[in-house]
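Heavy atoms only: backbone and side chains are in, while hydrogens, waters and symmetry mates are out.
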Amino acid sequence: MYAPGEDEQLSLVESAGVPWTLYGLRDSYPLSEDSPAADAYRRGQPLWLGPEELATNPGDAGIRETSGIRDPSGIPDPPGIPDPRGVQHTPAGDFSLAAVALPADQGGGGCLLAVSDSPGGFDADDRQCLELLAEAVVVRPFPPRVPSPPRPLPPSAGAADAPHGDAPHGDGLPSSAFALAMDTGRVEVDDEMLELFGLSRGDFDGKVETLLGMTVPEDLPTLMSVVEADHMSIGDRELEFRILQPSGEQRWLRLRGQLLPAGDGQPARLVGTVADASKLRTGINEVARVQQLAAALATAGTVRDVSQAVVTALRRPLLADRMALAVVEGDRLVVTVLDPPEPEAWPQVWRSEWRSEWPDAPIRTMPTLAAALREGRAAIWPAGTPLEPALAEVGPGGLAVLPLPAGGRTAGACLIGWDTPHDFGPDERALLTASAGLAGQALIRAQAFDAEHELVGMLQRTLLPRRLPTLPGAVAVARYLPTTAGLEVGGDWYDVIPLPHNHVALVIGDVQGHNAGAATLMGQMRTALRAYAVEGHPPDVVVSHANRLLVDLETDLFATCCYVDVDMEEGTAWCVRAGHLPPVLRHPDGTTEVVVTEGGPPLGVITQADFPMSPIPLRPGSLLALTTDGLVESAELDFEDGLYRLADELAAADPAHLDLVADALLTYANRSDDVALLLLRYDGMALRPQRESWTVWRLPEAVRHARRFTKRTLRAWGVTEETDAILLVVSELVTNALVHTDGQVRLDLTLIDNRLRVAVADASPRTPIKPTSIGWEATGGRGILLVEALSAVWGTVPVSGGKQVWSEIALS
């Protein structure tokens with residue numbers, strides 16, 4: 001809002017919203033110049049200027065051009081092309097300006113300026129709203145300026161201390177008054193104001209920063225909003241703040257000020273008075289402390305956080321020598337915070353109960369404390385009160401016990417003790433009572449939070465692998481870090497799944513969200529992927545099945561996943577990505593690369609989705625790293641840059657010590673998100689197995705053909721021991737598959753390390769049943785018993801909708 005003055009200018013009377021200096025607006029506009037404010041005022045018609053009009057000639061618009069990065073100080077940028085009126089030009093910003101005249105018949109008239117960053121500027125509704133607002137506004141004109149008689153500066157302030165280096169001048173300052181030049185930060189004060197701040201004339205250097213430095217940190221932002229020109233509007237302001245005197249005591253002061261616009265060759269100035277507000281604020285320090293405690297408890301999540309917030313808010317202001325906070329668990333008090341934490345600062349009887357980090361003891365051992373908890377009111381005992389040793393040694397100069405009430409019960413207790421005699425005033429008693437109520441409610445909330453966090457954390461620990469399996473020809477390590485933001489747990493997971501024929505599946509994934517639902521869904525996805533993998537499906541089918549399962553669960557959550565099937569014998573791997581980060585591969589020579597693989601959408605988004613497989617060649621000494629975005633992405637780091645940083649760290653690492661490599665990589669973790677990391681070093685198998693397969697046709701002599709195939713294979717491998725047992729096992733397993741199933745039957749023979757594995761796969765998922773007893777007259781059922789008797793170990797596993805029955809025979 002701008003009002004006319006006697007100097008033929010429109011001067012700023014009030015502003016709201018973002019500081020007007022950010023858009024280059026002035027504190028005054030001459031009526032003789034061309035500017036939106038002056039034009040709208042003279043014509044009585046509104047002006048609507050968009051970014052194009054403002055960019056064409058911002059000088060005529062009466063603004064200093066601004067860029068996308070606006071200078072919050074309001075000081076013009078370094079000199080550029082000067083405007084005829086001395087306005088500096090810098091690149092223009094994208095905003096719109098509205099100038100609406102105020103009716104003169106309701107006051108002195110004036111002009112309303114409005115600025116908008118909206119892409120479309122001011123639409124029809126905005127314009128109508130501003131015009132209606134302008135019709136209802138009454139702005140009185142500035143009264144004529146009456147020069148006040150000069151008042152000399154204090155003796156120590158000379159011409160060098162005056163604003164802009166001018167000769168000393170006065171403003172008729174009243175007692176405890178000041179005048180601050182907004183452009184230089186030089187302030188004129190009288191002796192009464194220096195006395196309020198506890199300074200002498202010789203100690204004060206005339207800078208406003210010296211006075212601000214004495215302000216209590218909590219009150220500094222409010223005070224800065226007055227002494228910074230960008231945040232101060234024309235008009236009166238009043239606020240109260242605290243200063244810390246040289247003696248260490250706090251004093252409340254009240255500031256009344258008015259910002260005067262620039263004119264007559266002088267800068268904009270803030271003039272006003274400062275008075276002692278201590279006598280007007282009975283108990284205000286205590287109120288402020290309660291407010292600070294409430295603010296701290298609002299962000300305290302755990303019981304330990306709540307306890308620490310109470311201790312921090314009360315011990316120093318009360319000048320207490322020790323504080324303890326404990327929660328009530330059944331008939332015991334369990335201490336959560338001691339300040340100071342050293343055992344020597346506490347009674348000997350406490351130290352005898354020091355079971356773990358803090359002591360805990362039955363409430364009945366301290367009758368005075370038990371009575372205070374039953375009554376539920378703050379209890380205060382001055383120095384010399386006879387108490388049991390467990391309490392007397394806490395506060396020999398005075399003891400306060402605060403029961404922490406919440407929901408009709410006592411959640412805990414706070415003990416405050418002094419070594420020297422302490423007087424308890426009424427304000428202090430009120431502070432203790434108010435603090436106890438706040439702490440009790442926060443403690444109950446924190447206990448529920450801790451219980452939920454522990455439950456979800458236990459669920460997550462249960463769902464993640466307890467340990468990784470031993471792999472043939474490789475070593476794998478994994479790390480998991482939960483988020484520390486809000487102490488929530490999320491859905492990051494990893495898994496290492498041993499598969500038949502010396503294959504292993506590496507899985508890493510991330511479920512959307514950080515809550516119990518995400519952790520539960522993580523467990524479901526990990527179980528599903530493991531089940532599909534063990535069935536023998538190829539990687540793309542495993543991920544497709546998991547995707548359809550997540551869609552059918554209808555959880556409104558999605559998950560990303562990276563699945564890598566590694567063939568330990570051949571040194572090859574196939575990778576499938578579902579919206580997840582690609583793996584990072586370190587070659588044996590130390591070079592690294594982010595593996596370029598084609599990926600599919602996240603799991604749970606599209607029912608019919610393709611998940612292509614991409615090959616990853618491995619050589620002995622290769623290191624494969626799979627991770628979640630918490631390790632490579634943050635608010636300051638893009639995930640692509642994070643992946644390349646991970647590649648650089650792997651290049652400099654020693655793959656011989658995978659645990660050290662994993663720990664070093666976690667130093668870059670973003671703790672506001674979960675982090676999962678899985679590393680696999682491929683060493684290659686020293687002894688590769690020999691394999692042969694045979695498809696059994698359903699012919700009358702199918703079993704004889706299977707036995708002949710087995711004889712040829714054993715002869716080629718040089719196996720001469722246990723041939724009869726091997727042929728009998730082949731006969732029984734093939735016969736069982738042909739008689740009891742339909743479809744294709746396949747015989748697989750594997751020889752490694754003097755053990756022969758015979759496996760027969762068929763299309764039936766039904767597991768063979770071992771009979772409990774067989775009579776002499778029975779004509780079948782002895783096959784499985786013979787296999788069990790001849791095998792070192794045998795079993796059955798599901799494979800691609802069917803099953804595989806296998807037997808291992810030890811060769812001498």
Side-chain angles (χ1 to χ4, degrees), residues 12 15 19-22 27 71-76 148 151-247 249-277:
L12 184 67
S15 68
W20 44 273
T21 54
L22 297 183
D27 53 6
D71 179 10
S73 67
I75 301 174
S148 55
R151 175 185 177 184
L153 290 175
S156 61
D161 295 319
H164 297 290
D166 298 335
H169 63 279
D171 296 282
L173 297 178
S175 178
S176 301
F178 67 93
L180 170 65
M182 304 302 289
D183 57 343
T184 64
R186 304 291 296 181
V187 59
E188 302 171 32
V189 298
D190 58 11
D191 294 333
E192 289 82 357
M193 183 168 170
L194 288 177
E195 183 179 353
L196 289 176
F197 278 81
L199 298 174
S200 65
R201 178 64 63 180
D203 294 334
F204 184 56
D205 55 5
K207 298 179 180 179
V208 71
E209 289 82 3
T210 303
L211 303 180
L212 294 175
M214 301 177 63
T215 307
V216 173
E218 292 85 351
D219 298 345
L220 187 58
T222 304
L223 189 58
M224 291 293 290
S225 69
V226 175
V227 302
E228 288 183 344
D230 296 336
H231 302 90
M232 183 64 177
S233 57
I234 299 295
D236 297 331
R237 286 293 299 273
E238 179 176 340
L239 61 88
E240 293 179 347
F241 62 99
R242 292 168 295 170
I243 62 171
L244 192 63
Q245 296 179 301
S247 62
E249 297 180 355
Q250 292 185 6
R251 169 179 282 186
W252 278 95
L253 301 179
R254 174 175 296 172
L255 181 147
R256 289 190 176 95
Q258 182 180 30
L259 184 65
L260 302 179
D264 298 335
Q266 295 192 18
R269 292 173 301 151
L270 177 68
V271 299
T273 61
V274 176
D276 187 355

What residue among Thr273, Leu270, Val271 forms side-chain contact (heavy atoms from CB on, under 4.5 Å) with Phe178?
Leu270
Report yes if the side chains of Arg186 and Lys207 come closer than 4.5 Å at any heavy-atom pair, otherwise no.
yes
Quick one: list whatever passes side chain to side chain contact (heavy atoms under 4.5 Å, CB included) with Ser200, sequence neighbours left out.
Asp203
Using 0.5 Å steps for rounding, measure from the CD1 atom of Ile243 to the CG atom of Leu199.
8.0 Å
With sequence neighbours excluded, what pairs up with Leu244 under the side chain to side chain contact (heavy atoms under 4.5 Å, CB included) test?
Gln250
Find the distance between CG (Leu255) and CE (Met193) and round it off to the nearest 0.5 Å.
7.0 Å
Where Arg201 and Asp191 come nearest, the two heavy atoms and their spacing:
NH2-OD1, 2.7 Å
Any donor-acceptor pair under 3.5 Å from Arg251 side chain to Leu196 backbone:
yes
Work out which heavy atom in Val189 is nearest to a heavy atom in Phe204; give both atom names and the distance.
CG2-CE2, 3.6 Å
